[in-house]
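Since the structure comes first, as C-alpha cells, the remarks are kept for the end.
Every chain is numbered from 1, with letters handed out A, B, ... down the list of sequences.
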Amino acid sequence: MGPSRPSAPVDARIRPAKPRRSKERPMNLFADIRVLVIDALAALEAAGTLPAGLDTRNVTVEPPRDAAHGDMATNAAMVLAKPAKMKPRDIADALAEKLAADARITSAEVAGPGFLNLLLAPALWQGVVTGVLKTGADFGRSAMGQGQKINVEYVSANPTGPLHVGHTRGAVFGDALASLLDFAGYDVTREYYINDGGAQVDVLARSVYLRYLEAHGQEVAFEDGTYPGDYLIPVGAALKEKVGDAYVGKPEAEWLADIREYATEAMMDLIRDDLAALGVEMDVFYSEKSLYGTGKIEAALEDLRGKGLIYEGVLEPPKGKKPEDWEPREQTLFKSTEHGDDVDRPVMKSDGSWTYFAPDIAYHYDKVQRGFDALIDVFGADHGGYVKRMKAAVSALSGGAVPLDIKLTQLVKLFKNGEPFKMSKRAGTFVTLRDVVDEVGPGVTRFHMLTRKNDAPLDFDFDKVLEQSRENPVFYVQYANARVASVLRKAAEQGWDASDAVLTAQDLSGLEDPSELALIRKLAEWPRLVEAAADAHEPHRVAFYLYDLAGEFHGLWNKGNDLPGLRFLQEDAATSLPKIALARAVAVVISAGLGILGVEPAEEMR
RNA sequence: GGACCGUUAGCUCAGCUGGAUAGAGCGCUGCCCUCCGAAGGCAGAGGCCAGAGGUUCGAAUCCUCUACGGUCCGCCA
C-alpha cells in the first residue's frame, strides 16, 4: 500500500455526532441514598433539630470497608458536628431516627466516631439487578461530563517507523481513558499529533533514499544518523515503482522534500495499521507540518507576546550538570515561570529557527481555539520534564480557562517465561506493537496494559499473560463471562426462555443469600466507580474493578459446589430464572467494562 | 544543583480523592476434588503503609523536611 492523501489537518476526520443516550436518570444506588440522607438533614433543619444553612457538600455515602458494618455508611454526623456546634453522636441519633422511618432503610445504627451505618431493604439491592438488565450496556453510563468537549491526545509517535511496546501502552491507556470519559458523559475527541516537521523526518527521508537505491541494485551503507530498519525496504521499493530512476544519482536538494513527504505518508499508513490491529481509531490526525508557513506558530506566540510573556534573554546554565560546550546565547523566551514552570523556556533558537516547543505551543493554542473545555496529553515518562512548560503554555494561552492534564505512562518491561527479554534495535530483537498483538492478541494486550497504574512500571510476560489461572486477571474476568454464557446455554437447552425481557420481569426477592447480596453490591458500585475513574483519569480502575467483580462471581459459583441451593441452575425454571438474572447482570457489567477497555468479551474459553 | 514520579505483607501490586480492625494475587501452613466448567476451593499466618515532624474529630491518603529508586534538565523531537 502506498502513501495516501496528506494527513487531515483538523476537522476532516471528526466522527458523526454520538447517538442520544437514554433519557432515564442514570441509576446509582449510592447517589440515591445520598439524596435520602440530604433530604433527611433538610427535614431536621426545618424541624429545628439542626441549625439552618449547613453545608452538606462533604457528606458522603459509601460502601463500608467491612461488610459487617452494613450496606452503606454516611459521615454526615462527623462532617456537620463542627459547623452545627453539636456532638456527632446527637446528630447521628437524630438522623438515624429520621432515616429508619423510611421503608427503604431496614436499620440505621450509629457506630465508631459517628458513622451512621445503614442496612438497606433487600428489595433495593434486588432492584439493582433488574436495573442492570433494563439498562443493559448503558448501566453505569454517567452524565457527569455534561457533554463537555475534551480532547485526549495520545500515541503521537514520530512517523519514522512502526510502533513499539512503549507506544502500545500509551495507545491502550489513552484509548481506554477516552472511552471511559465518553461513558462518563464527555464529548471526547481522540487525537494524534504527527511530528512531521522536525529534523528526524529528514533522517527518515535519507534512509528511505538508501532503500530506494538498494531497490535499484546498488550497495548501500547505513551510517549513524540513518534508520537501518527492514521496514523501510518495501517503502524504497514502492518509491522505485512510483518514480523509476528519477532520483538516482541526484543531489539531495532535488529529492529530499519529495521523499520526506512520501516517506512520512508511508510511515503514517504503517502506524495507522498498527493502531487498527490494536483496535485504536483516532478521530483526528494533526500534522505538525501544517503549523509551519501558515502563520499558526506566529499567531500563538503573538498571543503570548500580547500578554507580555515573550522576551529576549539569556538563560542560566543548568546547575550541577554543566555541558562542556555551554555558552550564553540570547534567545526568544517564553516566561513560563509566570504559570508555574521552574525556568523560562526558549521558543526560538539562537539561529532564528523555532525550537520544538514553538509548534507545540501553536498546536495547543489550536486545541484551545477549537473550543475544548479540557485537554489531556498522554506522554511517555521520558517526557516528564516537559509537563510544566506545556501546562504553563496552555494556562497562558487560555487565560487559565482550559485545564490540561498530562498523564505519563511508565516503561513496559518485557519477559518471556519469567526471563527478562532485552530489546535491541541493532540485534533485531526490537519488539513492536505488531509483535505483541500477533502473539497474544489485542484483547489480552489491552487488558494487561491496564493492570497497573499508568505511572508505575509494568511487567509484560508473553507467556504469563496467556496463562489460564487466577493469577491472570484477563483470563479470570473472561472466565466469569464465559461461565455466565455457559449458564445461559444450559438454560436454553432446558427449553427455558432466559431472554433479558423475561429476566427483567422476574421477582428477585429470593436473592437474599449473603453471597448473592455481596455480588449485587459489587454490581451496584459500578456507576460510582465509573465516575471516580473518569474524574481521576485512571482507566486502570476499571480493570481492577472487573477483577474484583469476577472474583465475587467466582466466589458465589464456588459456594454452589457445596451448597446446591446457590447454583444458578436449579431443577425448574421458576427458581432458576432469578439466579440466572443475577448471572446475566454480571455479564452485562463485565461486557460494559471490557467495552471501555476495548476488549472483546469471551463467550467460552475452550 | 534542580524538577517530576515512586517507596504499602517474603514477592508483584490495589487502596474508591481524609474515614472504622489497611486489601488482592503469588509464595508459605493446614484442610478439601462422586460438586451448575476443579483451568481448583476453603481457612490461617504474615504490616511501625521508607523515616521524622505538622494540619484535625480522624492521615497510607494533605503539607514540610530527610533517605533510597526511576525519569529528565539551553541550540534533540
Side-chain angles (χ1 to χ4, degrees), chain A residues 30 58 60 62-66 68-69 73 75 78-79 81-82 87-88 111-115 117 156 158 160 195 197-201 288 314-323 325-329 331 333 341-346 348-351 353 355-357 359-360 380-388 406 408 410-411 451-453 455-457 459 467-473 475-476 479 482-483 486-487 490-491 525 528-529 531-533 535-536 538 540-541 544-545 547-548 551 554-555 557-564 566-570 576 579 583 604-606:
Chain A
F30 293 91
N58 290 329
T60 61
E62 341 186 305
R65 195 159 295 192
D66 189 339
H69 290 141
N75 62 355
M78 287 175 291
V79 171
K82 197 173 229 183
K87 288 179 188 165
F115 282 102
N117 292 329
S156 297
N158 289 340
T160 55
N195 287 286
Q200 80 283 354
V201 288
E288 175 193 358
V314 180
L315 286 175
E316 293 288 317
K319 289 178 181 172
K321 182 199 141 202
K322 192 172 185 174
D325 56 346
W326 192 92
E327 48 185 285
R329 296 267 172 81
Q331 298 173 292
L333 301 170
D341 203 356
D342 307 302
V343 289
D344 292 339
R345 305 291 177 177
M348 193 181 271
K349 301 176 196 170
S350 49
D351 68 358
S353 63
T355 64
Y356 53 85
F357 188 36
D360 280 346
D382 53 341
H383 288 63
Y386 207 59
V387 170
K388 282 194 176 182
I406 299 184
L408 302 177
Q410 265 290 351
L411 297 177
T451 54
R452 286 288 175 273
K453 239 178 341 193
D455 50 9
D459 291 349
E467 242 170 49
Q468 303 198 331
S469 72
R470 179 161 196 174
E471 302 169 55
N472 184 352
F475 164 77
Y476 206 57
Y479 188 28
R483 274 181 157 171
S486 169
V487 166
K490 290 235 162 107
E525 277 177 38
R528 67 193 294 276
L529 180 116
E531 294 191 348
D535 193 48
E538 290 183 347
H540 76 274
R541 292 192 196 186
F544 280 95
Y545 168 82
Y547 182 70
D548 282 350
H554 290 306
W557 183 288
N558 291 330
K559 272 196 180 162
N561 289 333
D562 291 332
L563 307 170
L566 287 180
R567 295 179 194 172
F568 294 102
L569 294 174
Q570 301 288 326
S576 294
K579 295 174 185 300
E604 53 183 359
M605 304 298 292
R606 290 177 208 285

Given the [atom1] atoms of [N] and [M], what is the spacing between them in whole Å?
N       : M       : atom1 : value
rU12(B) : rU56(B) : P     : 37 Å
rA14(B) : rA50(B) : P     : 14 Å
rC31(B) : rA45(B) : C1'   : 15 Å
rC28(B) : rC11(B) : P     : 15 Å
rU55(B) : rU17(B) : P     : 25 Å
rG58(B) : rG74(B) : C1'   : 48 Å
rU8(B)  : rG51(B) : C1'   : 14 Å
rC75(B) : rG69(B) : P     : 28 Å

What is the base-pairing partner of [N], counting Watson-Crick and G-U wobble geometry with both distances under 3.5 Å?
N       : result
rC65(B) : rG51(B)
rU29(B) : rA43(B)
rC72(B) : rG2(B)
rU56(B) : none
rG18(B) : none
rA24(B) : rU12(B)

request  = Check whether any side-chain N or O of Q570(A) sits under 3.5 Å from a backbone N or O of P564(A) as a donor-acceptor pair, and report yes or no.
outcome  =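 Yes.
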inquiry  = Can you tell whether the side chains of R528(A) and E525(A) come within less than 4.0 Å, N to carboxylate O?
reply    = no
Anti versus syn assignment for rU21(B), with syn defined as within 90° of 0 = anti
inquiry  = For a quick test of reading the model, state the closest non-hydrogen atom pair linking N75(A) to T60(A) and the distance between them.
reply    = OD1-N, 2.9 Å
ask   = May F115(A) be described as stacking on the base of rA20(B), applying a 5.5 Å centroid limit and a 30° limit on plane angle?
value =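 Here the ring of F115(A) and the base of rA20(B) are stacked, with centres under 5.5 Å and planes under 30°.
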Which nucleotide in the set [options] lies at the smallest distance from any side-chain heavy atom of [X]?
X       : options                   : result
A532(A) : rC16(B), rA14(B), rU71(B) : rC16(B)
F544(A) : rC57(B), rA14(B), rG41(B) : rA14(B)
K82(A)  : rU56(B), rA38(B), rU17(B) : rU56(B)

query = Under 3.5 Å, is there an N or O donor on one side and an acceptor on the other linking the side chain of N561(A) and the base of rA38(B)?
reply =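 Between rA38(B) and N561(A), which were checked side chain against base, a qualifying N/O pair under 3.5 Å is absent.
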Side chain R452(A) and base rC13(B) donor-acceptor under 3.5 Å = no
inquiry  = Check the orientation of F357(A) and Y386(A). Use parallel for under 30°, tilted for 30 to 60°, and perpendicular for over 60°.
reply    = perpendicular
